[in-house]
Amino acid sequence: MIEPVNTIEYNEPIFFAVDSENGGKRLDKLLSEFLSEYSRSFVQNLFSDGLVECNGKGVSKSHKPKCGDIISFTVPEPKELSLAPEDIPLEIMYEDDDLLVVNKPRGMVVHPAPGNYSGTLVNALLHHCKGNLSGINGIIRPGIVHRIDKDTSGLLLVAKNDAAHVSLSEQIAVHSLDREYRAVIHGHLKNSEGVVDAPIGRSPNDRKKMCVTNQNSKNAVTHYTVLEEYRDFSYIALKLETGRTHQIRVHMSYLGHPVAGDPVYGPKNGVNLGGQCLHAGLLGFIHPSTGEHKIIEAPLPDYFTDFLGRVKKNGR
């Protein structure tokens, strides 16, 4: 099985071995599965630019590698470019002259990346805000204060000006911004509530993953509370103290109870939900201009409640 890659280091070769399940398949198809967040045309361009090799030699997109072959490819760094506003519907949970809070659907990419320069949250924001977004994070990420994964749904803060962006970023840095999630995880946690205090860095064995490690890592703290337990799953609430890449997904997997539907950190034969059952349901912050403490909430989306309903039917 080819697991999708979610984290890329630009201009550095990425390697994977072809397993028995994928031996004999076209290489462009395998790379499309591996680079699931990138468009098919982007993958095709990797071949035309000579950035894909099999066992150290350049190959065509139609090449069919054998089991055991080593595939390597390099993703070029994205170019700064002018992005086009797109009239994409957004669910705005709060908005004023300084900021807005968006309820991002699962499957939407937050900011552009190679192969995804359209259809992103940023494209939609450029249209909705008429270009009035903070410029601190550059052309590719205007207004984006923090991010959530493509297949995680929920609330995102967006800054309309640089002053608001600085204020909100400082709240994240000192851990005063409240971020609460809901998740369905495999199995039952040992304690009904607890704290995972374990540093996260890139996996030394698989560069497309993050992991709990003491090497080249950053501190990561996640608080959890069990809300309900069922036969094979648990419904839990989580609160982030820090905001590392894939933090909740990595910490739950570290505990032996990965998020249901997680294609990267979950079990190989886990449930297929089209993405992890993880929702950012609450944001609490101090308003940059008024000083008011704002709390914004977003209800569980349909994909989440549908799966939770199926889990409940299976009993406790």
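These numbers come from the heavy atoms of this one structure, side chains and all, not from hydrogens, waters or symmetry mates.
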Looking at [Y], is its backbone amide N or carbonyl O close enough to the side chain of [X] to form a donor-acceptor pair, meaning the two atoms are under 3.5 Å apart?
X: Arg244; Y: Asn219; result: yes
X: Asp19; Y: Glu21; result: yes
X: His257; Y: His188; result: yes
X: Thr242; Y: Val221; result: yes
X: Thr152; Y: Ile148; result: no
X: Lys239; Y: Thr225; result: no
X: Asn314; Y: Asp232; result: no
X: Asp306; Y: Tyr303; result: no
X: Lys104; Y: Lys150; result: yes
X: Ser167; Y: Ala163; result: no

Between [X] and [Y]: side-chain donor-acceptor atoms closer than 3.5 Å:
X: Asp98; Y: Asn161; value: yes
X: Glu241; Y: Thr222; value: no
X: Asp96; Y: His287; value: yes

Closest non-hydrogen atom pair between [X] and [Y], with its separation:
X: His251; Y: Ala220; answer: CE1-O, 3.3 Å
X: Cys129; Y: Leu100; answer: SG-CD2, 3.8 Å
X: Ser217; Y: Gly201; answer: CB-N, 3.8 Å
X: Gly58; Y: Glu53; answer: N-CG, 4.0 Å
X: Cys54; Y: Asp69; answer: SG-OD2, 3.7 Å
X: Met93; Y: Glu297; answer: CE-O, 3.3 Å

Applying side-chain contact (heavy atoms from CB on, under 4.5 Å), run through Thr213 and Ser203 and close with a yes or a no. CA-CA 8 Å; Thr213 177; Ser203 169; over 6 Å; no
[X] atom [atom1], neighbour heavy-atom count above 12 within 6.0 Å:
X: Asp49; atom1: CG; value: yes
X: Tyr254; atom1: OH; value: no
X: Lys25; atom1: NZ; value: yes

Flag the pair [X] / [Y] as yes when at least one side-chain heavy-atom distance between them is below 4.5 Å, and no otherwise.
X: Leu125; Y: Val158; answer: yes
X: Ile236; Y: Leu238; answer: yes
X: Leu27; Y: Val52; answer: yes
X: His146; Y: Ile172; answer: yes
X: Pro142; Y: Val122; answer: yes
X: Leu99; Y: Leu168; answer: yes
X: Leu155; Y: Val102; answer: no
X: Glu229; Y: Val226; answer: yes

Is the distance from the ring center of Tyr181 to that of His279 below 6.0 Å?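 Centroid separation for Tyr181 and His279: 6.0 Å or greater.
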Taking the six-membered ring of Phe304, is the NZ or CZ of Arg182 close enough (under 6.0 Å from the centre) and on axis enough (within 45°)?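 No, Arg182 does not sit over the ring of Phe304.
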Any salt bridge between Arg249 and Asp262, counting N to O under 4.0 Å?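 Yes, charged N to carboxylate O under 4.0 Å.
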Determine, for Lys160 against Glu95, whether the closest basic-nitrogen to carboxylate-oxygen distance falls under 4.0 angstrom.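 Salt bridge between Lys160 and Glu95, a charged N being under 4.0 Å from a carboxylate O: yes.
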On the 0 to 90° scale, with breaks at 30° and 60°, tag the Tyr265-His246 ring pair as parallel, tilted or perpendicular.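 Plane angle over 60°, so perpendicular.
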Return the set of residues passing side chain to side chain contact (heavy atoms under 4.5 Å, CB included) with Pro105 (not counting sequence neighbours), or none when no residue passes.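 Listed in chain order: Met108.
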Rounded distance (nearest 0.5 Å) linking atom CE of Met252 with atom CG of Leu278: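 That separation rounds to 10.0 Å.
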Working to the nearest 0.5 angstrom, can you tell me the gap between Leu90 CG and Asn103 CG?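 One finds 10.0 Å between CG of Leu90 and CG of Asn103.
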Can you check side-chain contact (heavy atoms from CB on, under 4.5 Å) on Phe15 and Ile71, steps first, answer last? CA-CA 6 Å; Phe15 299 85; Ile71 307 303; over 6 Å; no
Between Phe233 and Val271, is a side-chain contact (heavy atoms from CB on, under 4.5 Å) present by the stated rule, with each step listed? CA-CA 11 Å; Phe233 298 93; Val271 291; 4.0 Å; yes
Determine, step by step, whether Tyr224 and Asn191 satisfy the side-chain contact (heavy atoms from CB on, under 4.5 Å) criterion, reporting the C-alpha distance in whole Å, the side-chain angles of both residues, the deciding distance to 0.1 Å, and the verdict. CA-CA 10 Å; Tyr224 69 83; Asn191 301 310; 4.0 Å; yes
